[in-house]
Amino acid sequence: MKLSSAFLISFYYTVSALPTETFMDRYFGPLLNSNNNQAQIQGHLQHPFARYDPDNDGVQFHDAQVNIPSPDYVSDLGPDNMPEFAGVDGFAHLPIYQCFGLDPDAIKPSFDVAIVGAPFDTGVSYRGGARFGPKGIRSGSRRMGKFGSYSAFHNGFNPYDDWAKVVDCGDAPMTPFDNRIALNQLYRAHRAIHNLTVTNTSKAKELNTTTAPRIITLGGDHTITFSALRSAYEIHGPLAVVHFDSHIDTWDPQVLGGNISTYAHLNHGTFLHFAHEKGYLLDGHNIHVGLRAPYIRRKKDVEHDKECGFAKLSARDIDRIGVAAMARKIKEHVGDAKVYITFDIDVIDPAYAPGTGTTEPGGFSTREILTLLDELQGINLIGADVVEVAPAFDTNGDITVTAAAQVIDSFLQLMIMN
Ligand SMILES: *[C@@H]1O[C@H](CO)[C@@H](O)[C@H](O)[C@H]1NC(C)=O
Ligand SMILES: *[C@@H]1O[C@H](CO)[C@@H](O)[C@H](O)[C@H]1NC(C)=O
Ligand SMILES: *[C@@H]1O[C@H](CO)[C@@H](O)[C@H](O)[C@H]1NC(C)=O
Ligand SMILES: *[C@@H]1O[C@H](CO)[C@@H](O)[C@H](O)[C@H]1NC(C)=O
Ligand SMILES: [Mn+2]
């Protein structure tokens, strides 16, 4: 509450005129003691979150006078009045929908874009913790939402307040005890979402996306992208994959995973090898962006990566050619194809995103990556994910989870702003 000098002067005169009444009685008494429902309070009391409601005389908050609502009045206590730091965390305060695991005869939900969590981290080679990624990213998104995410760079565009209906489908249940089961659970959850119909079918046709809702997945370690790609491939056919990562992730499973069992072969460094093997990748249109981690084998990793069909932009290209030129190359490379962006948070420099399992110095600043994503406007983005967010390694200032949430906000802009 702002104490203006006018307030202090009026307070002084009010108190001297009414010496028997205490400050608390006069300014707060009726709010805290509801004996008199219609009591009025004089003074500069402002309720920071209540909205003026012209349809209800009971709730009018303004500078001079407050009418206390009836104790049974509740319509200002709904989610629309929630402060940005409060509420049960759906991504960006989006409505939370049950999108899979529905009764067969339940009414099918409808939306254009779904956020879904993939809490899984038993496919990692180094530090774990990405099973808490979905919770962390949702927490990092609390200052975004319909109430005030009007872009400073895109003429006030707000992805939460435009033609698309965006919802949060919660997390797919993924068992921590058997990766084969867990990855299949995620695949079936995605499949159930892809089986629904978008709310705005005419817009979907205009955008050439199909009437299946588009999905943005919150990882989870990078293995989860395999399940997401499988379901997207079944709806869309082979996809141009833009892979933001400091690592290649096309490693031969005989190299990464120890070659100890076939079970060990599918993990967060080999899923792109398998995506290629299964035909999910559109030949000639896939590209890594931000590479800098060392290879395991002197030459063969590079050869194998080429066999999997990827072009490369390295982290050093940020300085060598700049992010605008990088974005142009990516757009040329994917052309008119349907694009899936998979975004390993470790592509961002550890100074800006320490909360991840396998940090590699020398990456994008948050500003550079957001500029690059802006420059991709016009691609046909049908699905995306942000993976490897491990909140236990984040700072108290939440820098990794807020960066991850901002990247997803950029994906929504690419999907909806066209
Ligand atoms: C997809 O939808 C059809 C028709 O509504 C239904 O028969 C089928 O079981 C659904 N599949 C999934 C995976 O939800
Ligand atoms: C679909 O989106 C367009 C904006 O692109 C809008 O004009 C139209 O009213 C929407 N249709 C439905 C059914 O929501
Ligand atoms: C959709 O496809 C049509 C025909 O191929 C093309 O003319 C149009 O530009 C495409 N729209 C978008 C948004 O990519
Ligand atoms: C992996 O294991 C198979 C089967 O035991 C073996 O043939 C192959 O040479 C191994 N690969 C490597 C790189 O050790
Ligand atoms: Mn990765």
Side-chain angles (χ1 to χ4, degrees), residues 110-113 118 120-121 123-130 133 157-159 161-166 197-209 211 213-214 217 219-226 228-229 241-275 286-298 300-301 303-305 308 310 312 315 340-348 350 353 356-360 363-364 384-390 404 407 415-418:
S110 172
F111 43 81
D112 297 293
V113 182
F120 172 89
D121 62 5
V124 301
S125 51
Y126 198 53
R127 304 190 299 195
F157 178 80
N158 179 348
D161 188 22
D162 210 79
W163 67 266
K165 183 165 172 191
V166 189
T197 303
V198 289
T199 306
N200 195 326
T201 47
S202 54
K203 187 72 184 174
K205 281 190 188 116
E206 189 189 314
L207 295 176
N208 302 332
T209 53
T211 57
R214 290 182 280 177
T217 312
D221 79 48
H222 221 150
T223 322
I224 65 104
T225 301
F226 184 77
L229 280 175
V241 171
V242 180
H243 173 224
F244 288 91
D245 205 317
S246 56
H247 311 88
I248 51 174
D249 289 5
T250 50
W251 270 293
D252 186 326
Q254 299 213 342
V255 174
L256 197 98
N259 204 23
I260 50 175
S261 68
T262 48
Y263 175 95
H265 282 184
L266 178 57
N267 59 58
H268 79 156
T270 61
F271 69 95
L272 284 176
H273 162 97
F274 286 108
N286 307 286
I287 186 163
H288 303 296
V289 187
L291 294 183
R292 59 190 182 275
Y295 301 128
I296 298 173
R297 299 179 294 177
R298 191 187 302 276
K300 283 196 171 162
D301 286 354
E303 284 166 20
H304 185 67
D305 186 58
C308 291
F310 277 86
K312 292 203 266 296
Y340 184 99
I341 297 183
T342 178
F343 191 101
D344 191 323
I345 198 75
D346 71 28
V347 79
I348 300 179
T356 189
T358 328
T359 51
E360 306 288 352
F364 287 95
D385 61 52
V386 173
V387 298
E388 300 281 350
V389 174
V407 166
M415 286 181 172
I416 298 168
M417 220 172 90
N418 275 318

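Just so you know, ligand 1 is whichever comes first in the structure, and atom 1 is the first atom listed for that ligand.
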Report summary line: With Val241 as partner, the option from Ile287, Thr225, Leu229 fulfilling side chain to side chain contact (heavy atoms under 4.5 Å, CB included) is Leu229
Report task. Mark whether atom 4 (C) of ligand 4 lies under 4.0 angstrom from at least one protein heavy atom. Result -> no
Report task. Starting from the Mn ion (ligand 5), look over the N/O/S atoms of Asp344 and name the nearest one. Result -> OD2
Report summary line: In short, His243 meets Phe271 closest at the heavy-atom pair NE2-CZ, 4.5 Å
Report task. Pull out every atom of ligand 2 sitting under 4.0 Å from any heavy atom of Trp163, numbered as shown with elements. Result -> 2 (O), 4 (C)
Query raised in the report: So which heavy atom on Leu207 is nearest to which on Met415, and how close?
Result: CD1-O, 4.0 Å
Report task. Ignoring hydrogens, tell whether any protein atom lies closer than 4.0 Å to atom 1 (C) of ligand 2; use the non-hydrogen atoms only. Result -> yes
Requested in this report: Please work out which of the three classes, parallel, tilted or perpendicular, describes the rings of Phe244 and Phe343, given edges at 30° and 60°.
Outcome: tilted
Requested in this report: Provide the atom name of the closest N, O or S atom of Asp249 relative to the Mn ion (ligand 5).
Outcome: OD2
Query raised in the report: Can you check whether Asp344's main-chain N or O pairs, donor with acceptor, with His222's side chain at less than 3.5 Å?
Result: no
Report task. Mark up the atoms of ligand 4 that fall under 4.0 Å of a heavy atom belonging to Asn259, in ascending order. Result -> 1 (C), 2 (O), 3 (C), 8 (C), 10 (C), 11 (N), 12 (C), 14 (O)
Query - the Mn ion (ligand 5): angle it makes with OD2 (Asp245) and ND1 (His222), nearest 10 degrees - result: 90°
Query raised in the report: So which heavy atom in the protein is nearest atom 13 (C) of ligand 4, and how far is it from that ligand atom?
Result: Gln254 O, 3.7 Å
Requested in this report: Output yes when a protein non-hydrogen atom is found under 4.0 Å of atom 7 (O) of ligand 4, and no otherwise.
Outcome: no
Report summary line: Rounding to 0.5 Å, atoms CZ (Arg127) and CD (Glu388) come to a distance of 11.0 Å
**Report entry** Nearest atoms (heavy-atom pairs only) where Thr199 meets Ser110
**Finding:** OG1-OG, 3.0 Å
Query raised in the report: What protein heavy atom is closest to atom 12 (C) of ligand 2, reported as residue, atom name and distance in Å?
Result: Asn200 ND2, 3.4 Å
